Engineer: 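Dropping the structure in here first, questions after.
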Amino acid sequence: MGSMAFAQGKPAEGLYFRLVTHGGDDPFWAVVQQGALDAANELGCKVDIDLAGSDLALQQKRLAEAVAQKPNGIALVINDDTAWDKPVEDALAAGIPVIGINNDDSKGPAGNKRLCYIGKSEERAGYMIGLKLFQTAKEKGIDFSKAHVAMPVEVPGANYGVIRSNGIKRAMAEFGITSSEIIDGGGLEMTTVEQRETSYLLAHPETTFSITNTDSPPISIPVGISLTAQLRSI
Amino acid sequence: MNQTRRFYSFRSSSTLVVFVTLVVVFSIFTPNHIFINERNIAALGKLFPDLGIIALGIGVLMICGEFDLSVGSVLPFCSFIFAQQMIADFSPFVSFFVSLLVGAILGLINGIITVKTKMPSFITTLGTLMFWRGILYVWSKMMPMSIRTFVPSGSPFQKLMAGNLNAYIPVQVIWFAIFAVILSILLHFHRFGNWIYSTGDNRDAAHAMGIRTDLVKIICFMIVGVLCGFSACMQSVRLGSFAATQGVGFEFKAISACVIGGTSLRGGIGSMTGIFLGALTIPIIDNGLILMRVPVFAISAFIGLATILFVLLNNYIERKTR
Amino acid sequence: MEYENRQNDDIVRMVNIEKWFGRVYALRGVDFHLKRGETVGLLGDNGAGKSTLIKILSGYHVADKGDIYFDGKKVVIRSPRDARRLGIETVYQEQALAPNLSISRNIFMGREPVKGFGIMDKKLMDEESMQALQNLGLRLRSPDLPVVTLSGGERQGVAIARAIHFKAKCVILDEPTVALSVKEVNEVLEFIREIQREGISSIFITHNLYHVYEIAERFVVMARGKKMTDVLKEDVTLDDLSELVIKSALVE
């Protein structure tokens, strides 16, 4: 058929890849999976995605299983600074190229032997968000002397959230802001998140900025809207 | 003296005492009395009924002697159906009724499985909790769906489900109150209520007295399903979208609300007043503590503690009054 | 036929009842009858088949073979609902009442009077419950008391008051005196006399011959799924009866 003939010309024909992620019950990974499938379709290769529901031990098992399948390459979410050092080395020794995606070792190439990292630097992401927000605020003439930054996180203790808030703190330092608090957003369920953050903003009227630390669009959007509304009224 | 005794003989009295105490303490001790500030009350009133309405149904089901853990998945499932119907060009009202119907059917399935297999509903609905979530994730691909264009702000359906009566009273509170009154009449004044209590308290006796206990249980499961469907629509209209993570964790929050309201885990004991207060108490603890500037990471610990203390208090009062 | 002639006398007549539970032959062709207004003591060891027989009459089990006649008509009893509709009331030790429900809600359980739209007539329920208890000689503080707060004897009273109130034709008393104090036993026996005065037939199942001998007019002894003896009170002494029960259990 025509499409067959056309498919012959695809650059990655016959290759097989695996995405080993910590993801699970949140829509972020649905988007990533769709993207991976679209890309595979376009390039003519095959890809499978592994989800681990934020269970590090399970994710390590998934990587071991992926390595055993001998794919042409593995993309791994490196969401821990030590846990992935040996597994990645072993995979590379077995001749399987491993790259980092989405999260990287906080020390970058010095911390993990992955071939490269594709994705944003969490620290830099936090820094850039902060920089942009504070810059805009400065232009609007907001007083920074008593400014307070609230940072609700969706998954308390998650590596990426901690690193990202370090970036935000770096930006804060540049603008001379000293007061900030990381708060437990209450998970992924929106009503809980909204309830928590609304209460927090009412209790802390000194809050000048709120930077919600989440990658999940359905949470960040409504919460963002309600927060903006709250902030405007305060 | 007699009055006091009579007051405490109502199981929900302890919940009422604690509830009033909490309200008073939070009103006095929150900075600037922000707890009773109209913005806080409106925010609470807008948000807590999402879970509160479901908790009312769970309470009725628990009195009947059963649990429903599947609410955490039935809610987003109904929400997905609601969004999908509107995207397929049905009016919000039609989509709403389809969502209620789907809720009722999922409740019916829970009921039939529980009654026919004679397995504890804790197990059967744990199964359906995971099953429907899996089906939902596959079917929706976990992609959020915006419904803002179908129920824009100010449209009749949006006003009905997520509007405001005045600055203090969001419409969600009214719905919560309406369901509480309906279920209260059903439970305490309607003969079906007596069948629910009898079935939960002593199923053999109810059966011997000619009550169709299986049917009573199935209907209670369906009440929970319909309330999930309702809450699903209410929440999606407020959020303006369907999201696969809706309802996560609702199953245990609803049960703890009922337990705080004096509902027995073994069935046969509980009241609508208690459940009503229980459904209000958890969000109030959450809200009040944050307003008192308790570190947010400690909130879960307080709610866990409160649940245990409430059960102890209820048991204590029960022993004292008998 | 013998049955036809005696039909008018009998409220219950069970003919050649057989029941299997898997491979267990629980009832091996039992005939049982109960006259109008009569009290029959049903005796036998554990596993003799008396509860199975009674559960068939009250609709918990369905017989594999045999016929049941009630009030002169052949009937099919498939559920407790069916039995109750005929006028067969069971007073079981643990199965009659919902402990956390009030007295009046218990008495009207499943038969609540309504004012319309299914709303219960609470006032009527309370008044009639108190009246029904008073007729039994039981004076309780309030119809709103949960049954669990009552003594064992009072609880049996509530269940018996319910049976009388709803004009039961046949009351099945399953071990009504077990685990009661002497005072409470006398109370319960007095309630049963009230059943007799009302002209209601009853079946009194028990292990305690002293209790049943005082009150029943006829005794049926069962063993290993068969009826062994059917004897009128005037034909036996308490000692005879005791011996009959023991012997029946030993006969192969």
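Since this is a predicted model, take the numbers as computed values, not measurements.
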Engineer: Please classify the contact between B/F35 and chain A as side chain, backbone, both or neither, with a heavy-atom cut-off of under 4.5 Å.
Structural biologist: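 Answer is neither: B/F35 stays 4.5 Å or more from chain A.
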Engineer: Roughly how far, to the nearest 0.5 Å, is the CG atom of B/L289 from the OG atom of A/S199?
Structural biologist: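 Between A/S199 OG and B/L289 CG, I get 10.0 Å after rounding to 0.5 Å.
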Engineer: Of all heavy-atom pairs between A/V153 and B/F297, which one has the smallest distance, and what is that distance?
Structural biologist: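 What the structure gives for the nearest pair is CG2-CZ, 4.4 Å.
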Engineer: Crowded around B/N32 CG? As in, over 12 foreign heavy atoms under 6.0 Å?
Structural biologist: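 Check fails, neighbour count at 12 or below.
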Engineer: Indicate the atoms forming the closest heavy-atom contact of B/N40 with A/L202, along with that distance.
Structural biologist: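 Answer, listing the atom of B/N40 first, then A/L202: OD1-CD1, 3.2 Å.
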Engineer: Are there more than 12 heavy atoms of other residues, nucleotides or ligands under 6.0 Å from atom CD of A/E42?
Structural biologist: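 At most 12 heavy atoms, drawn from other residues, nucleotides or ligands, come within 6.0 Å of this atom.
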Engineer: Considering only heavy atoms, which portion of B/Q246 lies under 4.5 Å from any heavy atom of chain A: side chain, backbone, both, or neither?
Structural biologist: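 When you check distances to chain A, atoms from both the backbone and side chain of B/Q246 fall under 4.5 Å.
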Engineer: Heavy-atom distance under 4.5 Å to chain A: side chain of B/P76, backbone, both or neither?
Structural biologist: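 Contact with chain A is absent: no heavy atom of B/P76 under 4.5 Å.
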Engineer: Return the CG to CD distance between B/L51 and A/E189, rounded to the nearest 0.5 Å.
Structural biologist: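 Going from CG on B/L51 over to CD on A/E189, the span is 8.0 Å.
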Engineer: Just verifying a value: how many Å separate B/L291 CG and A/L201 CG, rounded to the nearest 0.5 Å?
Structural biologist: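 So the gap between those two atoms works out to 10.5 Å.
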Engineer: Atom CD in A/Q195, atom CD1 in B/I290: separation rounded to 0.5 Å?
Structural biologist: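 Output value for this atom pair is 8.5 Å.
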Engineer: Determine, stepwise, if the pair B/I299 / A/D184 fulfils side chain to side chain contact (heavy atoms under 4.5 Å, CB included).
Structural biologist: CA-CA 9 Å; B/I299 300 295; A/D184 177 0; over 6 Å; no
Engineer: Quick one: what part of A/Q34 sits under 4.5 Å from any heavy atom of chain B, side chain, backbone, both or neither?
Structural biologist: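 Just its side chain gets close to chain B.
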Engineer: For the residue pair A/M190 and B/D50, establish whether any side-chain heavy-atom pair is separated by less than 4.5 Å.
Structural biologist: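 A/M190 vs B/D50: side chains apart.
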Engineer: So among B/R238, B/K46, B/K253, which one has a side-chain contact (heavy atoms from CB on, under 4.5 Å) with A/T191?
Structural biologist: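 Among B/R238, B/K46, B/K253, the one that satisfies the side-chain contact (heavy atoms from CB on, under 4.5 Å) with A/T191 is B/R238.
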Engineer: At a heavy-atom separation under 4.5 Å, does B/I34 approach chain A through its side chain, its backbone, both, or neither?
Structural biologist: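 Just the side chain, heavy atoms under 4.5 Å.
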Engineer: With sequence neighbours left out, write down each residue that passes ring pair (Phe, Tyr, Trp, His ring centres under 6.0 Å) with B/F48, or none if nothing qualifies.
Structural biologist: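 Partners of B/F48 under the ring pair (Phe, Tyr, Trp, His ring centres under 6.0 Å) test: B/F176.
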Engineer: Is the closest side-chain heavy-atom distance between B/N287 and A/R196 below 4.5 Å?
Structural biologist: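 No, their side chains stay 4.5 Å or more apart.
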Engineer: Does A/R124, at its CZ atom, have more than 12 non-hydrogen atoms belonging to other residues, nucleotides or ligands within less than 6.0 Å?
Structural biologist: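 Incorrect, the count does not exceed 12.
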